Amino acid sequence: MISDGMAEVLRSLRPGSGGDPAAAGARALGVPGVAVSVFPRSADGTGGVRAPEPLWCFPDLSLRFEELQFTLGEGPGPDAVRAGIPVLEPDLRLVAPDRWPVFLAAAQQLGVHGVCCFPLALGGAKIGLLTLLCDGDGPLSEIQLQDTYALTAALIASLLGDRGPRNGRSSVNGGPVGSDGAAGHDGDGLWPPEGLRRAVVHQATGMISVQLGTSLAQALVRLRAYAYSSGRPLGDVAEDVVARRLRFEGAMDDDGNGPHSPDGGEG
């Protein structure tokens with residue numbers, strides 16, 4: 001049995017409703033924040049999965065938390081996606097320090113006290129991720145869990161009925177997430193706009209792989225390490241690489257200075 005508040009949230013997922021399940025979901029669940037990220041299909045039609053794209057985030061802290069996990073590549077979200085099962089850590093103070101050694105300190109600094117992540121998947125298909133920010137005062141109640149599982153099922157059904165990417169509505173606090181700043185709502189689309197914000201990370205990873213003569217996986221590790229050490233979002237650093245404002249050189253391991261800009265300055 002779900003709550004009346006969640007029943008209203010589920011109605012907002014119907015085509016043409018124009019609802020924002022992040023803001024409404026946070027209110028219904030009684031949690032500080034909610035984020036929904038999706039995994040768009042690859043543009044080449046091979047069925048591959050791109051980097052997760054934030055679809056709805058409320059409040060802004062949820063978006064910043066999503067960016068943190070994406071930059072670090074560790075945390076409850078990535079673990080939930082890899083394992084295909086929920087990862088519930090409503091009080092991050094109780095998590096063993098060696099589980100997410102970098103993430104825990106960064107999340108605390110961001111002001112996040114607890115996180116519960118629920119993968120949106122059907123069979124072997126990865127569709128997205130539902131993230132709840134918690135207040136750190138204890139586990140989710142039974143009604144909160146029932147409401148959350150009802151929301152995950154509804155999101156899976158809605159997203160599977162609208163596989164993208166195509167023009168869709170992405171919002172943070174009622175505003176657009178899309179890189180072009182436009183809502184672009186077509187009435188029933190749930191996916192982000194065509195200009196995916198994180199596709200540039202894949203481009204930059206390929207370029208760094210060539211520059212360093214290393215694997216794509218190692219190139220992504222280097223990109224993430226530089227973004228975190230410089231205190232910048234991963235997407236911003238990736239844009240600099242793609243625009244050739246920043247270049248990773250093999251010598252960076254020797255001098256410890258990191259990547260360099262083409263004009264001779266350090267990145």
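For this chain, numbers begin at 1 and follow the sequence in order. Computed from heavy atoms alone, side chains included, the values below leave out hydrogens, waters and symmetry copies. Since we're looking at a predicted model, the values are computed, not measured.
Scanning both residues, Gly235 and Val200, for their nearest heavy atoms gives O-CG1, 4.1 Å. Residues Ala154 and Leu10 approach most closely at CB-CD2, 3.6 Å, considering heavy atoms. Nearest heavy atom pair, residue Ser230 against residue Ala227, reads OG-O, 3.2 Å. What you find for Cys134 and Cys116 is that their closest heavy atoms are SG-SG, 3.7 Å. Of all the heavy atoms in Glu249 and Arg222, the pair that sits closest is O-NH2, 4.2 Å. Of all heavy-atom pairs spanning Gln146 and Met1, the tightest one is OE1-O, 2.7 Å.
The aromatic ring centroids of Tyr228 and Phe103 lie 6.0 Å or more from each other.
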Kindly determine whether Leu234 and Glu67 satisfy side chain to side chain contact (heavy atoms under 4.5 Å, CB included), including the steps that lead there. CA-CA 8 Å; Leu234 185 61; Glu67 292 293 343; 5.8 Å; no
With side chain to side chain contact (heavy atoms under 4.5 Å, CB included) as the test, would you mind laying out the steps for Leu160 and Leu122 before giving the verdict? CA-CA 9 Å; Leu160 280 177; Leu122 188 63; 3.4 Å; yes
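A distance of 12.0 Å separates CD1 in Ile156 from CZ in Phe118, rounded to the nearest 0.5 Å. In this structure, OG1 in Thr71 is found 11.0 Å from CD in Glu66, a value given to the nearest 0.5 Å. In this structure, OH on Tyr149 lies 15.5 Å from CD1 on Ile2, to the nearest 0.5 angstrom. Atom CG of Leu132 is separated from atom SG of Cys117 by 8.0 Å, given to the nearest 0.5 angstrom.
Residues passing the salt bridge (Lys or Arg N to Asp or Glu O under 4.0 Å) test with Arg224, sequence neighbours excluded: none. Remark: Ser141 engages Gln144 in a side chain to side chain donor-acceptor pair (under 3.5 Å) (not counting sequence neighbours). Considering only residues two or more places apart in sequence or on other chains, Ala219 meets the side-chain contact (heavy atoms from CB on, under 4.5 Å) condition with Thr205, Ile208, Ser209, Thr214. Taking the side chain to side chain donor-acceptor pair (under 3.5 Å) definition, one finds that Glu8 meets it with Arg11, sequence neighbours left out. In terms of the salt bridge (Lys or Arg N to Asp or Glu O under 4.0 Å) criterion, residue partners of Asp91 (sequence neighbours excluded) are, by chain and number, Arg93.
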For residues 95-102, which side-chain N or O atoms pair as donor and acceptor with protein atoms under 3.5 Å away, sequence neighbours left out?
unit_1, atom_1, unit_2, atom_2, d
Arg99, NH1, Glu89, OE2, 2.5
Trp100, NE1, Asp79, OD2, 3.0

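In Gln218, the CD atom is crowded: over 12 heavy atoms of neighbouring residues, nucleotides or ligands sit closer than 6.0 Å.
Annotation: side chain of Arg232 is in contact with side chain of Val237 (closest heavy-atom distance under 4.5 Å).
Evaluated for a side chain to side chain contact (heavy atoms under 4.5 Å, CB included) with Asp147, the options Thr152, Val9, Leu29 yield exactly one hit, Leu29.
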